[in-house]
Amino acid sequence: MNKLIYVLDDEQDILDLVALNLNKSGFTPVSFDNAPDFWKAMKTDIPALIVLDLMLPDVDGMDICKEIRKHREYETIPVIMLTAKDDEMDKIIGLELGADDYITKPFSPRELVARVKAIIRRTKKVDKSETIGISGYLKMNTNTYEVWVQNKKVDLTSTEFKLLKLFIEKQGWVFSRDKILDYLWGKEKAVIDRTVDVHVKNLREKLGDAGKFIKNVRGVGYKLELDQ
């Protein structure tokens, strides 16, 4: 299993704290205090996950997140945002740009490690090679994390992929936002319900015409249902 974790933050105390706790949990953290060194390392070794501070002096962390999602070789790497801002809108924007999770500073190192484990665990769960989907519209390979909509490949984040898999495997089932949060983050969840709405919105947009099958059940949550 890839245990390499990249941590990008301009505060040395934060880097040392995160590295210490990730090391204790069996991960291999590599710290960066600037974007150029981070991108240089990305060309050599691809990590299992990235912990990204949004408030960097040389570049906006949001821009780094956008750039990660633009590159085919990086697009499925889970990203956890670190932000000093407790503004819900900042979190929503980060999620819309493709981040999988977020933690607000100051944070508990144990919580950060728990979030890292949760994301990597849900990424590992899909290890049986099989193709599932919606006949004539969409198919997904649960081993390679590839998705096609009408034979055109669509790039999803690991969270979006897991969400789509849930909907496809349980077509017609209605999932509340809380149930979806449990499915994605389990006991480690400490995120707002709006997080689900953002991930569903992004997923629908990426699926194009097939996005219409993910339906909002007013006052309850979401389901995937074929149009009759």
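The chain is numbered in sequence order, starting from 1.
- Note that the OG1 atom of Thr157 and the CD1 atom of Ile68 stand 12.0 Å from one another [nearest 0.5 Å].
- Expressed to the nearest 0.5 Å, how far NE2 of His199 lies from CZ of Arg177 amounts to 13.5 Å.
- Listed by first then second residue, pairs satisfying salt bridge (Lys or Arg N to Asp or Glu O under 4.0 Å) with a partner in residues 41-54 read Asp53-Lys105, not counting sequence neighbours.
- Ala19 and Ser31 make their closest contact through CB-OG, 4.1 Å (heavy atoms, listed as atom of the first residue, atom of the second, distance).
- A 4.5 Å side-chain heavy-atom check between Asn23 and Pro29 finds at least one atom pair inside the cut-off.
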Test salt bridge (charged side-chain N to carboxylate O under 4.0 Å, His left out) applied to Lys70 and Asp63, step by step: CA-CA 11 Å; Lys70 285 181 183 178; Asp63 291 335; over 6 Å; no
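- Exactly one of Leu163, Leu166, Asp178, Val196 qualifies for a side-chain contact (heavy atoms from CB on, under 4.5 Å) with Tyr183. That residue is Leu166.
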Would you tabulate the side-chain donor-acceptor contacts of residues 201-210 under 3.5 Å, counting partners in other chains and residues two or more places apart, or write 'none'?
residue	atom	partner	partner atom	Å
Lys201	NZ	Glu205	OE2	3.2
Asn202	ND2	Leu95	O	3.2
Arg204	NE	Ile214	O	3.0
Arg204	NH2	Ile214	O	2.7
Lys206	NZ	Asp155	O	3.4
Lys206	NZ	Glu160	OE1	2.7
Lys206	NZ	Glu160	OE2	3.4

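- The shortest distance between side-chain heavy atoms of Thr195 and Tyr102 falls below 4.5 Å.
- Looking at Asp37 and Lys40, no side-chain N of the basic residue comes within less than 4.0 Å of a carboxylate O on the acidic one, giving no salt bridge.
- Note on Val79 and Ile46: same hydrophobic cluster, where clusters join Ile, Leu, Val, Met, Phe, Trp and Tyr whose side-chain heavy atoms are under 4.5 Å apart, directly or indirectly.
- Under the 4.5 Å side-chain criterion, counting only non-hydrogen atoms from C-beta, Leu156 is not in contact with Met140.
- Hydrophobic clustering (side-chain heavy atoms under 4.5 Å, transitive across Ile, Leu, Val, Met, Phe, Trp, Tyr) groups Phe27 together with Phe107.
- Within the 4.5 Å cutoff, the side chain of Pro47 has no heavy atoms near those of the Val30 side chain.
- Leu54 CG to Asp60 CG: the interatomic distance, rounded to the nearest 0.5 Å, is 7.0 Å.
- Residues Asp100 and Ser158 approach most closely at OD2-OG, 3.1 Å, considering heavy atoms.
- When all heavy atoms of Arg69 and Glu75 are compared, the closest pair comes out as NH1-O, 2.6 Å.
- Contact annotation: the side chain of Asn34 never approaches that of Asp10 to less than 4.5 Å [non-hydrogen atoms, C-beta and beyond].
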Determine, step by step, whether Val18 and Asp9 satisfy the side-chain contact (heavy atoms from CB on, under 4.5 Å) criterion, reporting the C-alpha distance in whole Å, the side-chain angles of both residues, the deciding distance to 0.1 Å, and the verdict. CA-CA 10 Å; Val18 172; Asp9 196 297; over 6 Å; no
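- Here the side chains of Arg110 and Val113 are not in contact, with every heavy-atom distance at 4.5 Å or above.
- The two residues Lys223 and Trp173 make their nearest non-hydrogen contact at CB-O, 3.0 Å.
- The line from CE of Met55 to CE of Met62 is 9.5 Å long, rounded to the nearest 0.5 Å.
- Each of Val59, Leu82, Leu56 was checked for a side-chain contact (heavy atoms from CB on, under 4.5 Å) with Leu8, and the lone residue meeting it is Leu56.
- Residues Asp197 and Tyr222 have side chains in contact (heavy-atom distance under 4.5 Å, counting atoms from C-beta outward).
- No more than 12 heavy-atom neighbours from other residues, nucleotides or ligands sit within 6.0 angstrom of NZ on Lys152.
- The shortest non-hydrogen separation linking Lys3 to Gly26 is CD-O, 3.0 Å.
- Put simply, CE on Met81 and CG on Asp101 are 8.0 Å apart, with the number rounded to the nearest 0.5 Å.
- Summarising the geometry, atom CZ belonging to Phe213 is positioned 10.5 Å from atom CD1 belonging to Ile168; distances are rounded to the nearest 0.5 Å.
- Using a 4.5 Å heavy-atom threshold, the side chains of Val7 and Leu22 count as touching.
- Between Tyr6 and Phe38, the two ring planes are perpendicular [angle over 60°; tilted spans 30° to 60°].
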